[in-house]
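Some notes on the structure that comes next.
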Amino acid sequence: MGSGKTAYINARLLDPASGLDETGALLTEGRAIADIGPSLFADGVPDDIRVVDCKGLCLAPGLVDMRVQLREPGEEHKGTLASAGQSAAVGGVTSMVCLPNTDPVIDDMSVLEFVARRARKLGLAKVYPYGAVTKGLKGEELAEMGMLAEAGAVAFTDGVKAVANAKTMRRALSYAGTFDLLIAQHPEEPNLADNGAMNGGETATRLGLPGIPSVAEVIMVARDIRLAEDAGARLHISHVSTANALEVIRKGRDRGVRVTCDTAPPYFCLNEMEVGDYRTFAKLSPPLRVESDRRAVIEGLKDGTITAIASDHAPQDEDAKRLPFAQAAFGGVGLETLLATSLSLYHSEGVPLLDVIGLMTHRPAELLGLPGGKLSKDSPADLVVFNPEIGWRVDPDTFLSKSKNSPFDGKPVQGKVLRTVVDGRTVYDAEA
Amino acid sequence: MTTGDAQRFFKHQHLLGIQGLTPPEIIEILDCADAYVEQNRKADKKTDLLKGRTVINLFFENSTRTRTSFELAAKRLGADTINMSVSTSSIKKGETLVDTAMTLNAMHPDALVVRHGDSGAVKLLSEKVTGSVINAGDGYHEHPTQALLDALTIRRRKGTLGGLTVAICGDIQHSRVARSNIHLLNIMGARVRVIAPKTLVPGPIAKMGVEVFHDMRQGLKDCDIVMMLRIQQERMQGNFLPSVREFFHFFGLDEEKLSNAKPDALIMHPGPMNRGVEIDSTLADDLDRSVIREQVELGVAVRMACLELLTKNQDAINGGIG
């Protein structure tokens, strides 16, 4: 320990960025990765180096979660930077990109710096804020995107709301293009989604609930791709949930539009049947869709249309969920189940393990220009040790998250995080 | 004050824009204006070249400096001038632009100096009058005398226009000054750059013969001339720009950004300036770098030259002697 060095030995090294999948060791020194390789420490580890024996389990870059709602400042009863940081540690997440929908909104450098400073002090997962596209997330006046980017905003979004006005979105894309900034859009046409509580389909019809039509997603996505193309700007579509939207994104990309997208585990693990008997934990935005949409999201993950998997962590307190379905809040927590639920792609859908990890590490990191997400010399020592095989049942009562609203409540999953390391420091050890 | 026998190039009835003018025409106007600069510095500034002529300043948009400049120019040439502004005109009573033009024309003005908020309006008016029309600014289209006075200012300081690199910075989209200057500088062989956030520069502007920059430091690199444009307050309330401070931070002219231009680069501004918005206050007042007040001075001379040449052209059309 005196040397500030730690050796992770007997590890199955998984580095999606380089394609590495071999047994070996990794050395961290201070906050960075100092060395890595199959033959590292083949002759033993020097005495002054602390040793972590990974016992043949997977050692991967810490997860980069590009869509998290922190609720601090403003709604600390639902979640705080500390509670999210602890959830992240349990979930193997070492970098969180947080939405600006706090109170006050992150549309001003002082709020951005407040969040970043608080997160740094906690020393848990790193927090990278999105800046607001419009002031107060009102969809009217452009926020100071240039100065926010200089202060550390990694991309821009109006969070859980789309920038609805086409002219405003056009100007926002154009203005962001001035500095080559990325705008991430919530894919939902608000007039079409108006008052909807779940996917507008068979289940909503049977339950007598107002629906959010699938077309609300593709219309917004198609509009924004055309606007981004016209402005020559970069566009990211957050949490895509429908086959139609993915088809439009694929076509846009084929035309050369700089469009990317992510999705979240509920959209490739669950469908609208989860709402069952008015389960408000299954009330998400966008809503859980039909089975053919779920299959299309898996296809999009396989063929590369989808760049990243994000947890879409959205804490809601009991008061916000224990309501008649139509009145309940949208969203589910996801940090602590991100890895296990995503590993279903590996266990059940034949997606290579490296590819699944890549969707949560170097691919979002590269998209947003973040430093982590890879196991290479001089990269930050942000790591996760996990066993992909251990099965367990999701029990939100055991969550460190302040809010327990998981759409995966009670579901069996496979894959467990055993250790999480941020900047060379262990922030979670399952055996401790 | 051109010599009577010299060959004449500028032979138009109106001055509606810079687009379409030739280098000899522009040089003729500048040469003529140069002579008036000296005259305007004397105690007796008046000639009787336009004695007996009537010049109407017809301003459908508010203006103080341009209107005053034109009024002084006409008076120093001995013309009778009257000012009509929208608040006192019959436009408020519902008269159309064409009717106004024909009404005024019936009073036989020799020259009409017209500013209008709509692009193309001055040309429409010019089609209905027998005198000369000078465009004092139409919408976002042209403001030819501003480009000419800018050119004269540059030529007197740098000796030439050809080969210079000129950066026009700010609200290009809504600027007639930018468009007239782009035309003039291209005609005279200067290299023109525009620098603005993407929301304030239309994409197709490159087709007008400019290089487009969105980074001030890159755009100002090795420039000879830095032309700042006025930003309207209403553009800075979130529609085109997030805020004044963000605009000044990235696109306002300050010492640091200016240091990318040539050490002897000149700063220009068509006025009225927003200090601390598009230009740092001390830079605007730096007499070594800023020629902003000189631009105002030369504006009167340029407008005198335009009035003189157009009057001569009228006389030629009417069979008189110029």
Side-chain angles (χ1 to χ4, degrees), chain A residues 100 105-113 130-153 156-158 163-183 226-235 257-258, chain B residues 140 167-175 178 193-207 210-221 228-229 231-254 256-257 276-278 280:
Chain A
V105 168
I106 306 180
D107 61 358
D108 185 278
M109 286 163 290
S110 58
V111 184
L112 186 138
E113 279 160 10
Y130 282 100
V133 175
T134 64
K135 288 173 192 159
L137 310 177
K138 289 189 178 135
E140 291 160 7
E141 300 171 356
L142 300 181
E144 292 168 320
M145 287 189 261
M147 292 172 98
L148 284 164
E150 283 191 349
F156 293 83
T157 181
D158 269 2
V163 177
N165 183 303
K167 186 163 103 177
T168 305
M169 186 61 176
R170 183 167 191 261
R171 289 208 178 126
L173 286 163
S174 177
Y175 190 74
T178 303
F179 309 100
D180 206 32
L181 306 175
L182 178 67
I183 290 186
R226 291 289 173 175
L227 291 175
E229 185 174 15
D230 187 44
R234 298 165 67 201
L235 172 69
V257 185
R258 294 197 291 166
Chain B
Y140 307 149
I168 307 176
C169 317
D171 187 355
I172 309 294
Q173 174 128 347
H174 306 96
S175 176
R193 300 176 180 174
V194 298
I195 309 172
K198 283 192 167 183
T199 39
L200 291 180
V201 57
I205 195 104
K207 300 239 162 72
V210 300
E211 238 186 308
V212 181
F213 291 83
H214 304 300
D215 181 292
M216 192 106 171
R217 289 166 190 86
Q218 285 170 23
L220 290 182
K221 189 107 188 64
M228 302 307 298
L229 297 174
I231 294 270
Q232 303 288 342
Q233 286 293 333
E234 65 263 28
R235 314 260 188 254
M236 285 179 293
Q237 288 153 14
N239 292 322
F240 293 89
L241 299 169
S243 65
V244 171
R245 66 173 181 180
E246 170 134 332
F247 183 75
F248 187 77
H249 181 68
F250 290 104
F251 295 98
L253 189 66
D254 56 20
E256 190 272 318
K257 295 188 196 97
V277 177
E278 65 253 356
D280 181 82

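Not measured: the values here are computed from a predicted model. Within every chain, numbering begins at 1; the chains are lettered A, B, ... in the order of the sequence lines, protein sequences first and strands thereafter.
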- Query: Any chance the side chains of A:Glu150 and B:His249 put a donor and an acceptor closer than 3.5 Å?
  - Reply: yes

- Could you tell me which non-hydrogen atom of A:Met145 sits nearest to which non-hydrogen atom of B:Pro242, and how far apart they are? N-CG, 4.4 Å

- Task: Measure the shortest side-chain to side-chain distance between B:Phe240 and A:Arg171 over non-hydrogen atoms and say whether it is less than 4.5 angstrom.
- Result: yes

- Note on the structure: Here the pair of heavy atoms bringing B:Leu241 nearest to A:Leu142 is N-CD1, 4.5 Å

- Message: Assess whether a salt bridge exists between B:Arg245 and A:Asp108, defined as any Lys/Arg side-chain N lying under 4.0 Å from an Asp/Glu carboxylate O.
- Response: yes

- Value for NZ (A:Lys167) from CG (B:Asn239), rounded to nearest 0.5 Å, stands at 7.0 Å

- Query: Which value, rounded to the nearest 0.5 Å, describes the distance between A:Lys135 atom NZ and B:Ser243 atom OG?
  - Reply: 6.0 Å

- Item | Minimum-distance pair of heavy atoms, taken over all atoms of A:Thr178 and B:Lys198 | OG1-N, 2.7 Å

- Interface moiety of A:Ala231 toward chain B, non-hydrogen atoms closer than 4.5 Å: backbone

- Message: With a 4.5 angstrom heavy-atom cut-off, is it the side chain or the backbone of B:Phe213 that approaches chain A, or both, or neither?
- Response: neither

- Task: Count the heavy atoms of every other residue, nucleotide or ligand shown that sit under 6.0 Å from CZ of A:Arg234, and state whether that count exceeds 12.
- Result: yes

- Are any of the side-chain heavy atoms of A:Tyr175 and B:Leu200 separated by less than 4.5 Å? no

- Note on the structure: When every non-hydrogen atom of A:Met147 is compared with those of B:Glu246, the smallest separation belongs to N-OE1, 3.0 Å

